[in-house]
Protein chains: 2
Amino acid sequence: MEGSSVPPSSSTVSRTALLVLRVLTFVFLLIALILISIDKESEVLENGDRLKIKFTDLQTYRYVIASIVIGFAYNLFQMVLSIFNVVSGKRLINGDFSYQLDFFGDKIISYILATGAAAGFGATLDVHSAFSDFIGLPFDRFFNNAKASASLLFAAFLFTAVASVYTSYALPKKASLDSSTS
Amino acid sequence: MEGSSVPPSSSTVSRTALLVLRVLTFVFLLIALILISIDKESEVLENGDRLKIKFTDLQTYRYVIASIVIGFAYNLFQMVLSIFNVVSGKRLINGDFSYQLDFFGDKIISYILATGAAAGFGATLDVHSAFSDFIGLPFDRFFNNAKASASLLFAAFLFTAVASVYTSYALPKKASLDSSTS
């Protein structure tokens, strides 16, 4: 009996790594959300008129924001579950369902974040070019901020994709353990 | 010994389902590739000049094509492996590596297809709006064909995402079986 000097089990290491990934995702999504929500710029046309642009002017940015909010809510939920688990040593949600929730949750949310980031990049790149080349209004600051937001969203996607590898490995091991006891 | 009347095992069913998913992905990617490669349109400006647009004019469409080609090559490779497996009853690639190849392959390729489709939709939607609203050249046929290509690419992503669920379930079961024999 060595007490506290026992090395942590691999499942404790994975659970801690997962929690770190979720916290990172949460923070990156929060900054991405702030960046894109406050993003606006106005430029003066040749005739003296002002043209303003803000995130609601691009349909794609609404999807970007929706994907951030969905990812944010999911990670908040998972963090509450993880912290409850670490503090109390018990799981709020038990059994196979808990592993399936992690597996499908991480998988679906990682796809939502990936598509949000990709749509954001795609729209930003080519609408920026169209505005610069054809309209003569580059709106550089606006589009650069949008690109920064999409980059943070992409990083959040990468964290979730790594979490999804963890929870993919965790799922059927548990399932095969369950089937051997039933 | 009932010979041919023995029902197929669940692993045979999954392997057949996987092959069907890969064939569907392959076909959808092929049509998506053709649609976007031949996509071009020209419109007449007010001053009588012609403005032509084709897929190379949008940076995002190059990424869309790259994602289709990568998905295409991966599915061709997997289909060759599957057909060899079905015909000969042997696996060209054996052991844990084969399961990891399926798992990481499907996972990474599904992300590439998802980002390709999302970037294609994002750029199409907002560049189309910018051209219609600010330049007065809608290029409707061009952007609608691009949208059709992105839709097919999105369907191919969905097939690959389902395949990825299969190969996620397959991976650690095999790994835990191996660890119990070592």
Side-chain angles (χ1 to χ4, degrees), chain A residues 45 51 53 57-64 67 99-100 103-104 106-108 110-131 133-137 146 150 154 157-158 160-162 164-177 179-180, chain B residues 45 51 53 57-64 67 99-100 103-104 106-108 110-137 146 150 154 157-158 160-162 164-165 167-177 179-180:
Chain A
L45 290 166
L51 193 67
I53 193 164
D57 293 328
L58 278 86
Q59 286 177 271
T60 303
Y61 289 172
R62 293 183 216 172
Y63 177 71
V64 171
S67 73
Y99 292 87
Q100 285 182 355
F103 171 68
F104 285 105
D106 288 340
K107 199 168 187 63
I108 292 168
S110 66
Y111 286 133
I112 291 176
L113 298 182
T115 51
F121 275 121
T124 302
L125 229 77
D126 283 310
V127 176
H128 192 185
S129 298
F131 269 76
D133 298 349
F134 290 99
I135 309 165
L137 295 172
F154 189 76
F157 148 66
L158 288 179
T160 310
V162 174
S164 171
V165 172
Y166 271 109
T167 52
S168 299
Y169 270 87
L171 170 66
K173 257 179 215 161
K174 173 71 182 149
S176 64
L177 284 173
S179 66
S180 67
Chain B
L45 291 167
L51 193 68
I53 194 164
D57 293 328
L58 279 87
Q59 286 178 271
T60 303
Y61 289 172
R62 293 184 215 170
Y63 177 70
V64 171
S67 73
Y99 291 87
Q100 286 183 354
F103 171 68
F104 285 105
D106 288 340
K107 198 167 189 62
I108 292 168
S110 66
Y111 286 132
I112 291 177
L113 298 182
T115 51
F121 274 122
T124 302
L125 229 77
D126 283 310
V127 176
H128 193 185
S129 297
F131 269 75
S132 307
D133 297 350
F134 290 99
I135 310 167
L137 295 172
F154 189 76
F157 148 66
L158 289 179
T160 310
V162 174
S164 172
V165 172
T167 53
S168 300
Y169 271 86
L171 170 68
K173 257 180 213 162
K174 171 73 181 148
S176 65
L177 283 174
S179 66
S180 67

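Here is the naming used below: chain letters follow the sequence lines, and residue numbers restart at 1 for every chain.
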Among A/Ala130, A/Gly120, A/Ala119, which residue forms the greatest number of heavy-atom pairs with chain B at distances under 4.5 Å?
A/Ala119
Is chain A contacted by the side chain of B/Val64, its backbone, both, or neither, given a heavy-atom distance below 4.5 Å?
neither
Residues in side-chain hydrogen bond (donor to acceptor under 3.5 Å, both in side chains) contact with A/Thr60, at least two apart in sequence or another chain
B/Asp126
Apply side chain to side chain contact (heavy atoms under 4.5 Å, CB included) to residues B/Phe134 and A/Leu137 and explain how you reach the verdict.
CA-CA 11 Å; B/Phe134 290 99; A/Leu137 295 172; over 6 Å; no
Heavy-atom cut-off 4.5 Å, strictly under: side chain, backbone, both or neither for A/Ala161 against chain B?
both
Quick check for you: to the nearest 0.5 Å, what is the distance between A/Ser129 atom OG and B/Leu58 atom CG?
8.0 Å
Does any backbone or side-chain atom of B/Leu51 lie under 4.5 Å from a heavy atom of chain A? Answer side chain, backbone, both or neither.
side chain
Identify which of B/Tyr61, B/Phe157, B/Phe104 forms the greatest number of heavy-atom pairs closer than 4.5 Å to chain A.
B/Phe157
Between chain A and each of B/Thr124, B/Val165, B/Ile135, count heavy-atom pairs under 4.5 Å; write down the option with the most.
B/Val165
Heavy-atom closest pair, residues A/Gly122 and B/Ala123:
O-CB, 3.7 Å
Between CG on residue A/Asp57 and CG on residue B/Asp133, distance to nearest 0.5 Å
10.0 Å
Part of A/Ile112 lying under 4.5 Å from any heavy atom of chain B
neither
side-chain hydrogen bond (donor to acceptor under 3.5 Å, both in side chains) with A/Tyr166: which residues, sequence neighbours excluded?
none
Could you please spell out the steps behind the side chain to side chain contact (heavy atoms under 4.5 Å, CB included) verdict for B/Phe131 and A/Val127?
CA-CA 9 Å; B/Phe131 269 75; A/Val127 176; over 6 Å; no
Side-chain donor-acceptor contact under 3.5 Å, A/Tyr169 with B/Ser168:
no
Tell me if the centroids of the rings in A/Phe121 and B/Tyr63 come within less than 6.0 Å of each other.
no
